[in-house]
> 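So that we are looking at the same thing, I have put the structure below in structure tokens.
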4 protein chains.
Amino acid sequence: MNNSFGDIFKITTFGESHGKALGCVLDGCPPGFVLKKKYISKEINKRKPGANRYVTKRKENDNFEIVSGVFKKRTTGTPICFLVRNTNTISSDYNNIKNIFRPGHADFTYYNKYGIRDYKGGGRSSARTTVSLVIAGSIAKKILKKFFNINFFSYISSIGSLKIILKNNINFKKYFVPNVIKSKYVNNFLNNVIKTNDSVGCKISLDIFGLVPGLGDPLYEKLSANISKSIMNLNAVKAIDIGLGKTCSIITGKQNNDLFYKEGLLSNNAGGILGGISTGKDVNINVYIKPTSSIFLKQKTINLKAKEQHIKIKGRHDPCVGLRAIPIIESLVSIVLINSILKQKINSFY
Amino acid sequence: MNNSFGDIFKITTFGESHGKALGCVLDGCPPGFVLKKKYISKEINKRKPGANRYVTKRKENDNFEIVSGVFKKRTTGTPICFLVRNTNTISSDYNNIKNIFRPGHADFTYYNKYGIRDYKGGGRSSARTTVSLVIAGSIAKKILKKFFNINFFSYISSIGSLKIILKNNINFKKYFVPNVIKSKYVNNFLNNVIKTNDSVGCKISLDIFGLVPGLGDPLYEKLSANISKSIMNLNAVKAIDIGLGKTCSIITGKQNNDLFYKEGLLSNNAGGILGGISTGKDVNINVYIKPTSSIFLKQKTINLKAKEQHIKIKGRHDPCVGLRAIPIIESLVSIVLINSILKQKINSFY
Amino acid sequence: MNNSFGDIFKITTFGESHGKALGCVLDGCPPGFVLKKKYISKEINKRKPGANRYVTKRKENDNFEIVSGVFKKRTTGTPICFLVRNTNTISSDYNNIKNIFRPGHADFTYYNKYGIRDYKGGGRSSARTTVSLVIAGSIAKKILKKFFNINFFSYISSIGSLKIILKNNINFKKYFVPNVIKSKYVNNFLNNVIKTNDSVGCKISLDIFGLVPGLGDPLYEKLSANISKSIMNLNAVKAIDIGLGKTCSIITGKQNNDLFYKEGLLSNNAGGILGGISTGKDVNINVYIKPTSSIFLKQKTINLKAKEQHIKIKGRHDPCVGLRAIPIIESLVSIVLINSILKQKINSFY
Amino acid sequence: MNNSFGDIFKITTFGESHGKALGCVLDGCPPGFVLKKKYISKEINKRKPGANRYVTKRKENDNFEIVSGVFKKRTTGTPICFLVRNTNTISSDYNNIKNIFRPGHADFTYYNKYGIRDYKGGGRSSARTTVSLVIAGSIAKKILKKFFNINFFSYISSIGSLKIILKNNINFKKYFVPNVIKSKYVNNFLNNVIKTNDSVGCKISLDIFGLVPGLGDPLYEKLSANISKSIMNLNAVKAIDIGLGKTCSIITGKQNNDLFYKEGLLSNNAGGILGGISTGKDVNINVYIKPTSSIFLKQKTINLKAKEQHIKIKGRHDPCVGLRAIPIIESLVSIVLINSILKQKINSFY
């Protein structure tokens, strides 16, 4: 019942996995801003299925339409509506789950919440809905980069039990996942997951650089709190670290405190946030994502009448859903950052 | 710049560590509810300093006044203002930090954010401000228990590197911390922390039972997201797990999926939340808290003009600030839960 | 920069007069509700141009598409997106106003606000955007009628200086405007307005019946306040009365006070609202609408560079824009009422 | 159930007429601002009872305490809590209304809404609660004047049927009401109202000057809409005009349209607002206030069990409650204006 996110720079999204279309309305985008479809498409492609053999083979034709808010290629300050038509949906894949609940999925909880459920492709609970986030987020990221010089460096830091070590000579311009999965070890690991009809979780690390000190609004709109909320709203996320995160609970104050030098903070155990406000150092976040819930093994479950039965899921599903999560997480965090910046700018008005 | 929390059941808090008073305005409390000062006092005492040798020796006279919203002992539906006068403040303890930033504290970020800073006791960034949360939260908890039969079982699951094992014969009625620190091992551990003028982090585990399925509002007000936000707003929290949390990122779908039986879900790896909505199983959360930033060792820092110097912190500080966090975390989560319940009830109106 | 309206039952609208499409996203509609396109179409037709000779001849093809939120004809609790494609737009009508400001219009203020302006048909400031309100409002009205037995009786109570007297034998089932303009006097009056290339204002009266006592949330979300805000958001509205309205400022307390009898209030000078909360009597509102700003007379104005010039407006414009306002006003008020009801229901939870 | 007002510059108020204290929490006040108690006191005194024989003789000791948010006389960016203790309350005046509803008052609606009612002095529905608005509003007005050069000229334009004509040589520095009631005609008129144990309504006119063009956020946070809402939230207000208001409904487009000249708009029928956005001309508003509900005549009413009886109201009540409304209305509008300005400033960030 709540599909809006952000307050000044605000999106309202809509659409289901197998419905007519998905999209979002973006309110609060600056007027006069040149909106290039090409740039947005590039971001969408990063999360797009079908990019390699480890992501679902569903081909999403993510051609989007800009319905409103742009006049002669420039934003006008009025709400921008984006529309992405659903194509290549094979709804028949879902007939067998019409009356039963898939383990690990939101089927059971949606049904209990609303008393009704769009079972085709998971309906509104599908990760397919994140395409709306990436569209709006790509604009947010562009604004952060262009006006505030804020950039992301994000990567998959582990896949299941496999730790990914970034090489020194990493090519920042290339997108990371293809690089990662070109590795023979990663390849073998994922192939094995597929072969066993199972799936696997992963960990994503974000490094956000360029933030000025002072972002975040205590007591209850802290930067750490809003970033956490935004990421926890993403399907399959089950844990978050800020800075040292979990580790700081087992060390001492002396080990944990970042000391101030005239050059600023040299260490960054706090992950760029103190008292819920940015310190000006990089913001470091770890996101822990559970394994894809759709596995091809036979599983125990119940139907709508609580009768036990078995389920064998069909369809096209990623062995590791987290492999496509980076552009979505960056989108969510970007929207938080823009709003934090705009609110902080207000202090300088007077 | 934002000191309100919650939407239907909503609090607005105010006050600084060494100011005249702290307090909160609670809007949305049901009318006709009997408000007992005694019950609130009991909850406040749980977070109160001075309770044992491991929490700060500052004696807070947490006598509070109910300023409005109650008529002949019953709530009237109008806003309830609570006021807690500050006493036993020794502001002179803070004269030496007037112009310098304490490592690990919010001094630097508040100064950068607002251009001005109340340095006495940390001002608004002090954990002292959580007294307002506990007052409002105690009412929220009472409502959850009385009307919805929702209860918390929370405990400190580790202190620094020391894992706390709950005994089978734990007395649920007694408050846990005294029990924990009665243990000789814990005692020795904390004494050693104090002796070395250092501090230590800890981990807190929450088990919330009694929730019906269906709470939480996708896509962007998920139960998991709002609980995470609320807890991340608490000073010193740096990481959160829901259910298996971090662990689910290293296991497989088969290991992680909770299966449905006619009795319901038997396992609870999801921590009671699927698709951001409660499943009806207990909600399990781990909270990771950093070590107290105020340590009594000499530390490197800078002053307001970025000149390097050393600081030696005075005052009365907990060796492990997390030891007092449970009633505060329960308060924050309770406010989230009440709002989720009320929003879900709306579906049944029509 | 704000295109959302309502909080629990909430719409977010988008679209410009001559853009690709207009529409809205409705969040908070009850799940399981049967959504009939036919009913919505009927409501849209009431505000539709081209219905008679006194409303603009622009033929709007208000065929709308339900993009999301409905599964097998029922709402699912997820956001419902409606899309209305723009057709029959003659943008060339607006080339001559590209660089100048039309008197009485929002051209000047939008340009000053955003620094950029979609001049085609007034862009986002056009009354065309109200189609989104009527779609969402028609659902709100249906819910009010079906679940809460709340109905509207609204009529045009004056056109310019011409007072409209409701006949005793008024046919409530027929829509009022055709009846009104069938009158010879009204006909002659409006014909004369057209002949002189001028326009005229009007007054609309609403009578809302069926409200229970207790709706509205003091102190700052009073029913009177939210109804006023909603109506004042409609283009061309310049004044509002609640109950006796303006008149109560010139009479005495004895004349104004409604007395209580065992049957309830017999008089209703307060217009159904006391202390910002519904009394259970009909809510009576008068809305005062200014004359259509687009008149066909030559008028003095300036261009973007503040150089004086004359303008002669082309296009298709109503002589009295208020004649089409009733379904829109009822929509706005319906959304306010649903939200007030849902909020009040919350009191009965505990 | 909602006692917050404003979004960036936001107040949360609390307190009842005969409770312990009233007050408000102000969030979003700029940090570093020098807060002078003296200035606030001056504003409070303008609405204070007891100022002359035509306002209630209840002597309110409006000494207020600044509880938080100010450090060494400057605001710190943290929430500012103001507290005004209630004194000189004669609750026994209200024992006779304990079980009955006063005509024209909110007694009946509060009872129906909340099922419980603080009958002493009207509890939360009392105009006494406006003291909180005036405190926060005085700061808002100061900021508007100091940083944005925005000023108010407000006056009582009629009392009952008596029209007040402003003299040319009006002394802007002196407060207007004393001037007005020094007039023999006004004196005689009000004396007669008192003599007959009756009360009378009035009309207040506001002229706000200094606004830049561009304030207000279409479509649903228009300046006109938010100003109307804010004023309609004030007790006893029943109608509002913006610019020509009601009059524009009876004239023609030619008569109503303000034409653009190179010097700007010369006429101001629109009252400084077009399309919901400020034009830069003065904003003109008329507010219509009903007669004081408390009259000393015997009136028909019912008790809590709907049994008919008579009531004769005791206590100290103004013959014309509107005579004290100006500082309150200016406060409400000031809070709207500050928020509109801050939101509009955001456009210039990028």
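The analysis underlying the following values was restricted to heavy atoms, covering all of them including side chains, and did not include hydrogens, waters or symmetry mates. In what follows, chains are A, B, ... by sequence order, proteins preceding strands, each numbered from 1.
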> May I ask you to name which of D/Asn226, D/Thr292, D/Ile311, D/Ile273 has the most heavy-atom pairs under 4.5 Å with chain C?
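Top count of heavy-atom pairs under 4.5 Å with chain C: D/Asn226.
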
> Under a 4.5 Å cutoff for heavy-atom pairs, which residue among D/Ala106, D/Ser199, D/Gly275 has the most contacts with chain C?
D/Ser199

> Just verifying a value: how many Å separate D/Leu219 CG and C/Asn3 CG, rounded to the nearest 0.5 Å?
4.5 Å

> What I'd like to find out is whether the side chain of D/Ser293 reaches to under 4.5 Å of the side chain of C/Asn257, using heavy atoms alone.
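In contact.
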
> Please classify the contact of D/Ser4 with chain C as side chain, backbone, both or neither, using a heavy-atom distance under 4.5 Å.
backbone

> Quick one: pull up CG in C/Asn192 and OG1 in D/Thr252 and give me the separation to the nearest 0.5 Å.
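Between atom CG of C/Asn192 and atom OG1 of D/Thr252 there are 11.0 Å.
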
> I'd like to verify something: which residue of D/Lys222, D/Lys246, D/Met232 has the highest number of heavy-atom pairs under 4.5 Å with chain C?
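Result: the option with the highest number of such pairs is D/Lys246.
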
> Quick check on D/Tyr111 against chain C: is it the side chain, the backbone, both or neither that has a heavy atom closer than 4.5 Å?
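No part of it gets close to chain C.
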
> Determine the option with the most heavy-atom pairs under 4.5 angstrom with chain C, choosing from D/Asp198, D/Ile227, D/Val200.
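It is D/Asp198.
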
> Taking every heavy-atom pair that is under 4.5 Å apart, which of C/Gly104, C/Pro218, C/Ser161, C/Gly245 has the most such pairs with chain D?
C/Pro218

> Anything in residues 299-307 of chain D with a heavy-atom distance to chain C below 4.5 Å? Please list those residues in order.
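When heavy atoms of chain C are the reference, residues 299-307 of chain D contributes D/Gln299, D/Lys300, D/Thr301, D/Ile302, D/Ala306 within the under-4.5 Å range.
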
> Work out which heavy atom in C/Pro213 is nearest to a heavy atom in D/Phe108; give both atom names and the distance.
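That closest heavy-atom pairing would be CB-CE2, 4.5 Å.
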
> Once side-chain hydrogen bond (donor to acceptor under 3.5 Å, both in side chains) is applied, do any residues pair with D/Asp7, and if so which ones, sequence neighbours excluded?
D/Lys343

> Under 4.5 Å, counting heavy-atom pairs only, tell me which of C/Gly264, C/Cys202, C/Ser125 racks up the most with chain D.
C/Cys202

> Spell out, as yes or no, whether a donor-acceptor pair under 3.5 Å connects the side chain of C/Asn2 to the backbone of D/Asp217.
no

> I'd like to verify something: which residue of C/Ile242, C/Leu234, C/Asn112 has the highest number of heavy-atom pairs under 4.5 Å with chain D?
C/Ile242

> Please state whether the side chain, the backbone, both or neither of D/Leu133 comes within less than 4.5 Å of a heavy atom of chain C.
side chain

> I need the residue from C/Ile240, C/Asn256, C/Asp241, C/Ile295 with the largest number of non-hydrogen atom pairs under 4.5 Å to chain D.
C/Ile240

> With a 4.5 Å cut-off on heavy-atom pairs, point out which of C/Gly214, C/Ser249, C/Cys248, C/Gly201 contacts chain D the most.
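Looking at each option in turn, the highest pair count goes to C/Ser249.
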
> Out of D/Asn197, D/Asn235, D/Ile251, which one racks up the most heavy-atom pairs below 4.5 Å with chain C?
D/Ile251

> So how far is it from C/Ser228 OG to D/Ile231 CD1, rounded to the nearest 0.5 Å?
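Nearest 0.5 Å value for the OG-CD1 distance: 10.0 Å.
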
> Do you know which of D/Arg124, D/Gln255, D/Lys203, D/Gln309 has the most heavy-atom pairs with chain C at a distance under 4.5 angstrom?
D/Arg124

> Using only heavy-atom distances, determine whether the side chains of C/Tyr220 and D/Ser230 contain a donor-acceptor pair under 3.5 Å.
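No, D/Ser230 and C/Tyr220 have no side-chain donor paired with an acceptor closer than 3.5 Å.
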
> Is there side-chain contact between D/Ser278 and C/Lys113, with at least one heavy-atom pair below 4.5 Å?
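Contact flag for D/Ser278/C/Lys113 side chains = no.
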
> Let me confirm one number: the CZ-NZ distance from D/Phe296 to C/Lys254, rounded to the nearest 0.5 Å.
15.5 Å

> Among C/Arg102, C/His105, C/Lys262, which has the most heavy-atom pairs under 4.5 Å with chain D?
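Ranked by contacts with chain D, first place is C/Lys262.
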
> Would you please name every residue forming a salt bridge (charged side-chain N to carboxylate O under 4.0 Å, His left out) with D/Glu221, sequence neighbours left out?
C/Lys229

> Could you note down all residue pairs passing salt bridge (charged side-chain N to carboxylate O under 4.0 Å, His left out) where residues 287-298 of chain C supplies at least one of them, sequence neighbours left out?
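Those involving residues 287-298 of chain C do not exist here.
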
> Does D/Thr109 reach the main-chain N or O of C/Leu274 with its side chain, forming a donor-acceptor pair under 3.5 Å?
yes

